[in-house]
K.L.:
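First, the structure itself, so that you have it in front of you.
All figures in this text were calculated on a predicted structure; none of them were measured in a lab. Worth knowing before you read on, the calculation uses all heavy atoms, side chains too, and leaves out hydrogens, waters and symmetry mates.
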Amino acid sequence: MRYIIFSDLHSNLEALNQFEKEIEMITHDKLVCLGDIVGYGADPNPCVDWVRKNADLTIAGNHDWAAVNKTDTTDFNSYAYQSCLWTREKLTEKNKDFLGSLPLDHEAKGIYWVHASPYEPEAWHYVTSKTGGKRNFKSFEARLCFVGHSHKPIILEQTADGEVNDYVSAFWDIEPENRYIFNDGSLGQPRDGNPDPAFMIYDSKEKTVEVRRFEYDLSSTQDKIRENGLPTYLAVRLAEGR
């Protein structure tokens with residue numbers, strides 16, 4: 001089975017349009033979205049429409065649930081909160097129903113899927129390093145876990161003796177005796193210093209995970225953010241990958 005995994009699209013239609021072109025050239029069996037389809041960007045409805053029609057599995061992100069008043073926004077910074085209010089006004093009822101119906105997590109065929117973290121998924125914790133890794137590995141039983149939320153591609157590996165290490169790599173061979181948490185980065189708002197969108201390919205037969213990146217029409221996305229009265233910072237950060 002070959003999975004294409006993405007998350008944190010954040011209403012970035014230009015990134016999504018290029019992503020669609022990229023994956024046309026990649027043989028795959030399943031398309032998985034790990035949440036945060038909306039928030040920050042200026043095209044929530046086209047992005048939700050596409051994911052609703054094309055993803056085989058979609059997990060709820062905090063911005064998805066916030067847009068339909070299903071999770072607390074107290075911890076949102078001012079930019080996130082302003083974009084959340086704007087998104088609520090723009091979403092169609094059909095897309096609100098879809099976002100509200102999304103599950104918090106899902107486990108099947110030895111894989112645990114969740115937007116933020118295995119530990120207290122609804123609290124939206126970040127998984128960014130081996131710090132706290134043991135707590136997260138204790139929170140699910142599968143050998144593999146895929147997450148998003150931090151917008152930074154990272155690999156956490158737990159060895160057979162319980163040691164946890166973190167790595168950044170564009171390609172990874174999965175060791176059968178170890179367990180893993182893979183963060184797929186962000187399709188719509190990368191924050192690892194690289195403005196190019198990121199997604200993952202997991203091949204269960206070859207036992208490999210790969211991070212792919214690509215360029216897109218970033219300036220059009222920035223223009224739309226400004227034209228729609230969203231915070232200018234949300235446009236600026238896209239070019240800086242932060």
Side-chain angles (χ1 to χ4, degrees), residues 1-9 19-36 51 54-61 103-119 121 125-187 190-192 194 196-214:
M1 187 75 71
R2 208 158 189 239
Y3 301 83
I4 289 179
I5 305 156
F6 71 98
S7 70
D8 301 281
L9 175 55
F19 172 66
E20 187 172 23
K21 294 176 183 177
E22 298 288 327
I23 65 175
E24 284 178 357
M25 300 177 285
I26 302 171
T27 302
H28 62 281
D29 302 291
K30 298 287 184 180
L31 183 65
V32 178
C33 174
L34 294 180
D36 274 4
V51 172
N54 291 282
D56 296 289
L57 171 66
T58 304
I59 301 298
L104 187 64
D105 57 5
H106 181 74
E107 185 170 347
K109 297 182 179 180
I111 309 172
Y112 181 60
W113 311 96
V114 65
H115 174 67
S117 71
Y119 175 70
H125 300 299
Y126 288 96
V127 180
T128 57
S129 69
K130 64 181 179 181
T131 303
K134 289 186 178 181
R135 180 174 63 182
N136 277 285
F137 278 109
K138 288 178 181 177
S139 300
F140 67 100
E141 295 182 358
R143 197 162 60 87
L144 302 180
C145 172
F146 289 89
V147 304
H149 192 50
S150 74
H151 301 213
K152 299 177 180 180
I154 193 171
I155 300 161
L156 267 66
E157 180 182 55
Q158 183 185 54
T159 58
D161 61 4
E163 183 181 357
V164 176
N165 291 297
D166 57 75
Y167 307 92
V168 176
S169 177
F171 190 87
W172 197 264
D173 288 308
I174 294 171
E175 298 293 338
E177 69 274 14
N178 296 341
R179 298 176 70 216
Y180 295 89
I181 299 173
F182 294 102
N183 192 307
D184 66 350
S186 172
L187 199 61
R191 295 180 188 168
D192 61 342
N194 183 345
D196 293 342
F199 66 95
M200 272 185 169
I201 303 168
Y202 165 53
D203 191 318
S204 63
K205 182 180 179 180
E206 298 297 327
K207 295 182 172 33
T208 58
V209 169
E210 182 181 358
V211 177
R212 293 275 185 97
R213 305 192 86 138
F214 58 88

K.L.:
Once side-chain hydrogen bond (donor to acceptor under 3.5 Å, both in side chains) is applied, do any residues pair with N165, and if so which ones, sequence neighbours excluded?
P.N.:
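Once residues adjacent in sequence are excluded, the partners of N165 under the side-chain hydrogen bond (donor to acceptor under 3.5 Å, both in side chains) criterion are E163.
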K.L.:
CD1/I154 to OG/S169 distance, rounded to the nearest 0.5 angstrom?
P.N.:
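It is 11.5 Å, given to the nearest 0.5 Å.
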K.L.:
Any idea which heavy atoms bring N136 and S117 closest together, and the distance?
P.N.:
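Scanning both residues, the minimum pair turns out to be OD1-CB, 3.4 Å.
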K.L.:
List the steps and the verdict of side chain to side chain contact (heavy atoms under 4.5 Å, CB included) for R212 and I26.
P.N.:
CA-CA 11 Å; R212 293 275 185 97; I26 302 171; 3.4 Å; yes
K.L.:
Any salt bridge (Lys or Arg N to Asp or Glu O under 4.0 Å) pairs touching residues 105-118, not counting sequence neighbours?
P.N.:
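Applying salt bridge (Lys or Arg N to Asp or Glu O under 4.0 Å) to every pair that reaches into residues 105-118, excluding sequence neighbours, yields nothing.
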K.L.:
Can you list everything that forms a salt bridge (charged side-chain N to carboxylate O under 4.0 Å, His left out) with E22? Sequence neighbours excluded, please.
P.N.:
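E22: no salt bridge (charged side-chain N to carboxylate O under 4.0 Å, His left out) contacts found.
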K.L.:
Calculate, to the nearest 0.5 Å, the distance between atoms CZ and CG belonging to F146 and N183 respectively.
P.N.:
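Here the interatomic distance stands at 10.5 Å.
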K.L.:
Could I get the full list of side chain to side chain contact (heavy atoms under 4.5 Å, CB included) partners for N178, not counting sequence neighbours?
P.N.:
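Checked N178 against side chain to side chain contact (heavy atoms under 4.5 Å, CB included); matches are E157, T159, E175, Y180.
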K.L.:
Looking at CG of D8 and NZ of K152, how far apart are the two atoms once the value is rounded to the nearest 0.5 Å?
P.N.:
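One gets 12.5 Å once the value is rounded to the nearest 0.5 Å.
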K.L.:
With sequence neighbours excluded, tell me which residues meet ring-ring contact (aromatic ring centres under 6.0 Å, His included) with F171.
P.N.:
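ring-ring contact (aromatic ring centres under 6.0 Å, His included) check on F171 returns nothing, list empty.
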K.L.:
Show me, pair by pair, the donor-acceptor contacts under 3.5 angstrom made by side chains of residues 199-209, not counting sequence neighbours?
P.N.:
residue: D203; atom: OD1; partner: K205; partner atom: N; Å: 3.0
residue: D203; atom: OD1; partner: E206; partner atom: N; Å: 2.9
residue: D203; atom: OD2; partner: R2; partner atom: NE; Å: 3.4
residue: S204; atom: OG; partner: M1; partner atom: N; Å: 2.9
residue: S204; atom: OG; partner: M1; partner atom: O; Å: 3.0

K.L.:
For R143, enumerate each residue passing the side chain to side chain contact (heavy atoms under 4.5 Å, CB included) test, keeping only those at least two apart in sequence or located in another chain.
P.N.:
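Listed in chain order: I174, R179.
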K.L.:
Looking only at heavy atoms, which two atoms of S150 and V127 are closest? And how far apart?
P.N.:
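Reported closest heavy-atom pair: OG-O, 4.1 Å.
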K.L.:
Go through the structure and list residues passing ring-ring contact (aromatic ring centres under 6.0 Å, His included) with F140, not counting sequence neighbours.
P.N.:
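For F140, the residues satisfying ring-ring contact (aromatic ring centres under 6.0 Å, His included) (neighbours in sequence not counted) are Y112, F137.
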K.L.:
Once side chain to side chain contact (heavy atoms under 4.5 Å, CB included) is applied, do any residues pair with P190, and if so which ones, sequence neighbours excluded?
P.N.:
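With sequence neighbours excluded, P190 shows a side chain to side chain contact (heavy atoms under 4.5 Å, CB included) to S186, D192, R213, given in chain and number order.
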K.L.:
Between D166 and L156 (side chain of the first, backbone of the second, donor and acceptor by atom type, cut-off under 3.5 Å), is there such a pair?
P.N.:
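Side chain of D166 to backbone of L156, a donor-acceptor pair under 3.5 Å: no, none is there.
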K.L.:
Do you know the tightest heavy-atom contact between A198 and G185?
P.N.:
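Shortest heavy-atom separation between A198 and G185 comes out as CB-CA, 4.5 Å.
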K.L.:
Might you point out which heavy atoms bring S7 and L34 nearest each other, and give the distance in Å?
P.N.:
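Looks like CB-CB, 3.6 Å.
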K.L.:
Measure the CG-NE2 distance between D36 and H151 for me, rounded to the nearest 0.5 Å.
P.N.:
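Nearest 0.5 Å value for the CG-NE2 distance: 5.5 Å.
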K.L.:
How many angstroms lie between CD1 in I23 and CD1 in I4, if you round to the nearest 0.5 Å?
P.N.:
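Nearest 0.5 Å value for the CD1-CD1 distance: 5.0 Å.
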K.L.:
For E20, enumerate each residue passing the side-chain hydrogen bond (donor to acceptor under 3.5 Å, both in side chains) test, keeping only those at least two apart in sequence or located in another chain.
P.N.:
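E20 satisfies side-chain hydrogen bond (donor to acceptor under 3.5 Å, both in side chains) with W50 only.
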K.L.:
What are the two closest non-hydrogen atoms of P153 and V168, and how far apart are they?
P.N.:
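Closest pair (atom of P153, atom of V168, distance): O-CG2, 4.0 Å.
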K.L.:
Looking only at non-hydrogen atoms, find the nearest pair between C145 and P118 and report the distance.
P.N.:
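Taking C145 first and P118 second, the nearest heavy atoms are SG-CG, 3.7 Å.
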K.L.:
For L31, does its backbone N or O pair with a side-chain atom of N54 as donor and acceptor, under 3.5 Å?
P.N.:
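Not a single qualifying donor-acceptor pair exists.
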K.L.:
Who passes ring-ring contact (aromatic ring centres under 6.0 Å, His included) against H149, sequence neighbours left out?
P.N.:
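ring-ring contact (aromatic ring centres under 6.0 Å, His included) list for H149, sorted by chain: H115, Y126.
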